[in-house]
Amino acid sequence: MQNQNILSFNQMEEKQYLLKVKDFFNNKPHTYFVETYGCQMNVRDSQTLKGMFEEMGYTESADRLSADAVIFNTCCVREGAEDRLLGNLGKLKSEKKKRPDMLVMICGCMMQEKGSLENIKKRFPFVDVVLGTHNTHQLPLLMFNALTKKEKQYSLFEKESSIVEDMPVLREKDVFAFINIMYGCNNFCSYCIVPYVRGRERSRKSEDIIKEAEHLALRGVKEITLLGQNVNSYGKNTLDITFPDLLRKLNQIDGLERIRFMTSHPKDLSDDLIKAMAECEKVCKYIHLPVQSGSNRILEKMNRKYSREDYLKIVEKLKKAMPDIAITTDIIVGFPGETDEDFQFTYDLYKEVCFNSAFTFIYSKRIGTPAAKMDGQVDSEKIKERMARLIALSEECSLKSNEIYLNKTYPVLVEGTAKKDETLLCGKTDHGRTVVFNGSLDKIGKIVNVKITKIKLNVLVGELEEE
């Protein structure tokens with residue numbers, strides 16, 4: 001299969017509108033605010049939005065209400081994210097009335113959902129610009145038109161477009177960075193809206209990924225996280241290298257210390273990937289491997305294309321190749337038709353694997369997915385009961401898995417100060433465990449040895465060892 005079309009933003013007509021917007025303000029100060037919902041993919045997309053704002057002469061505002069331009073980067077995977085967006089959007093109505101020149105914009109996955117644009121037009125007519133997941137590069141053009149023509153701008157590409165390289169990016173931290181290696185998804189899990197809003201799988205050229213990683217390493221970035229809806233599918237839609245071979249090439253980059261990736265789909269996790277993880281010293285011995293359910297009947301209804309037995313066999317292979325590997329997962333509780341027996345299968349699988357941690361979600365009906373039409377929607381009280389049991393088990397396993405770190409010394413990449421106590425430093429082990437400890441600010445960005453002296457549910461407490 002041939003490589004999809006790759007375009008350079010630097011050669012596109014849209015780039016000139018970065019300067020046109022800047023000239024429009026004629027050196028007058030103007031500010032922006034980006035609000036991000038959802039996954040790491042959206043976080044990375046927001047870095048591109050911020051990069052474009054900066055090149056248009058905007059400076060970032062700490063406050064949504066005082067900004068001259070506000071853009072909401074939306075998520076539609078779960079209902080909660082949509083509810084938060086609509087609530088925060090409503091809060092801007094009075095501010096927009098006071099400041100008509102304020103730009104209010106929406107982009108991202110939610111806008112690609114059928115009916116979303118019409119809903120926004122009806123409920124929030126003050127929104128100036130709407131664009132989707134496939135045409136982020138058009139933001140400067142749409143903003144310029146909204147500013148100069150005083151007209152609403154709505155631009156949604158129904159199908160996925162070409163991959164656009166060389167977009168401006170603003171990364172807030174120089175310690176670690178996200179790198180998109182592919183876009184879209186071909187899996188069509190019955191509960192998931194992603195293939196409908198992000199399109200089919202498209203892989204970036206390996207040479208562009210490697211160039212970006214090399215540039216980040218030269219800037220002092222120590223850790224990169226490779227992003228994709230299913231990173232294991234990287235390269236399958238092109239004539240490029242496989243994902244394991246991409247890891248091997250990135251492992252050779254000078255200055256880079258750690259490589260992470262997410263998310264892996266169990267059905268595509270190959271023996272070669274396990275081998276590459278074990279062999280490459282810079283690839284973290286950590287994997288996020290969503291299981292979603294431990295019941296074969298529910299897995300089939302979810303269209304996950306693997307069984308409980310398949311999953312456990314993969315876990316066995318991972319632990320054999322890397323005995324100290326940390327494994328985290330995603331689990332959906334209350335999928336349509338889930339019985340007490342189905343849930344017990346999930347509970348038992350969790351107990352058997354004893355995941356380091358898990359993201360547990362109540363099933364969220366997404367209109368447009370096959371699961372939304374399934375019979376057997378589970379009673380909310382039953383779901384709450386199951387969630388409580390699973391969360392209790394999750395906490396038990398997290399504490400148990402943390403016990404292995406106690407009184408041992410681990411290399412920790414120092415990311416900054418702790419959120420709850422800025423007198424402490426905070427960083428992560430190779431296994432993705434968060435560690436807080438005393439130390440001077442000059443340690444930020446470095447890998448230091450920390451002895452773990454205390455364990456908590458979601459964090460390890462340690463002491464910095466002298467070099």
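For E60, the CD atom is densely surrounded, since the number of other residues' heavy atoms within 6.0 Å is greater than 12. Other residues, nucleotides and ligands contribute only 12 or fewer heavy atoms inside 6.0 Å of the NZ atom of K451. The local environment of CD in E422 is sparse, with at most 12 non-hydrogen atoms from other residues, nucleotides or ligands closer than 6.0 Å. For CZ of F345, the number of neighbouring non-hydrogen atoms (other residues, nucleotides, ligands) closer than 6.0 Å is 12 at most. The environment of CZ in F359 is sparse: at most 12 heavy-atom neighbours from other residues, nucleotides or ligands sit within 6.0 Å. Within a 6.0 Å radius of CD in E309, other residues, nucleotides and ligands contribute more than 12 heavy atoms. For K319, the NZ atom sits in a packed shell: over 12 heavy atoms of surrounding residues, nucleotides or ligands are nearer than 6.0 Å.
One side chain, R433 or N402, offers a donor N or O that lies under 3.5 Å from an acceptor on the other. Residues T423 and D421 bring a donor and an acceptor atom of their side chains to less than 3.5 Å of each other. Judged purely by distance below 3.5 Å, without hydrogens or angles, the side chains of N251 and E279 never pair a donor atom with an acceptor atom. Inspection of the T48 and D45 side chains reveals no N or O donor paired with an N or O acceptor under 3.5 Å. Side chains of T328 and N356: a donor-acceptor N/O pair is absent below 3.5 angstrom, by distance only.
Proximity of L49 to C107: side-chain heavy atoms (C-beta onward) are separated by under 4.5 Å at one or more points. Between M322 and I287 there is no side-chain heavy-atom pair separated by less than 4.5 Å. Using a 4.5 Å heavy-atom cutoff, the side chains of M262 and L227 are in contact. Looking at heavy atoms from C-beta onward, M143 lies in side-chain contact with M105 at the 4.5 angstrom threshold. The closest side-chain heavy-atom distance from L457 to L399 is below 4.5 Å. Side-chain contact between K365 and I367 is present, with heavy atoms from C-beta onward closer than 4.5 Å.
The residues K236 and E201 are annotated as not salt-bridged, no charged nitrogen and carboxylate oxygen being separated by less than 4.0 angstrom. Taking 4.0 Å as the cut-off between side-chain N and carboxylate O, K267 and D310 do not count as a salt-bridged pair. Taking 4.0 Å as the cut-off between side-chain N and carboxylate O, R389 and E385 do not count as a salt-bridged pair. Under 4.0 Å is where a charged nitrogen must lie from a carboxylate oxygen, and between R248 and D245 at least one such pair does. Under the 4.0 Å criterion applied to side-chain N and carboxylate O atoms, E381 and K384 are assigned as salt-bridge partners.
Relative to the ring axis of F335, K301 does not place its NZ or CZ within 45° and under 6.0 Å from the centre.
Under the side chain to side chain contact (heavy atoms under 4.5 Å, CB included) criterion, T434 pairs with C426, K428, V459, sequence neighbours left out. With sequence neighbours excluded, the residues forming a side chain to side chain contact (heavy atoms under 4.5 Å, CB included) with S364 are R78, E79, R366, listed by chain and number. Residues that satisfy the side-chain hydrogen bond (donor to acceptor under 3.5 Å, both in side chains) test with N73, not counting sequence neighbours, are S46.
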D340 vs K382, salt bridge (charged side-chain N to carboxylate O under 4.0 Å, His left out): CA-CA, chis, key distance, verdict: CA-CA 9 Å; D340 289 341; K382 182 73 73 174; 3.6 Å; yes

Derivation of the salt bridge (charged side-chain N to carboxylate O under 4.0 Å, His left out) call for R204 and E212: CA-CA 11 Å; R204 293 178 65 196; E212 183 175 353; 2.8 Å; yes

Worked check of salt bridge (charged side-chain N to carboxylate O under 4.0 Å, His left out) between E95 and K98: CA-CA 5 Å; E95 189 64 30; K98 286 189 288 185; 3.5 Å; yes

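Applying side-chain contact (heavy atoms from CB on, under 4.5 Å) to V435 and the options V461, T429, L413 leaves one that passes, T429.
Under the 3.5 Å distance criterion, the side-chain polar atoms of D330 are left unmatched by any main-chain donor or acceptor of Q292. Of the possible polar contacts, one joining the N42 side chain to the T74 backbone as a donor-acceptor pair under 3.5 Å is found.
Aromatic ring centres of H134 and Y183 lie farther apart than the 6.0 Å criterion allows.
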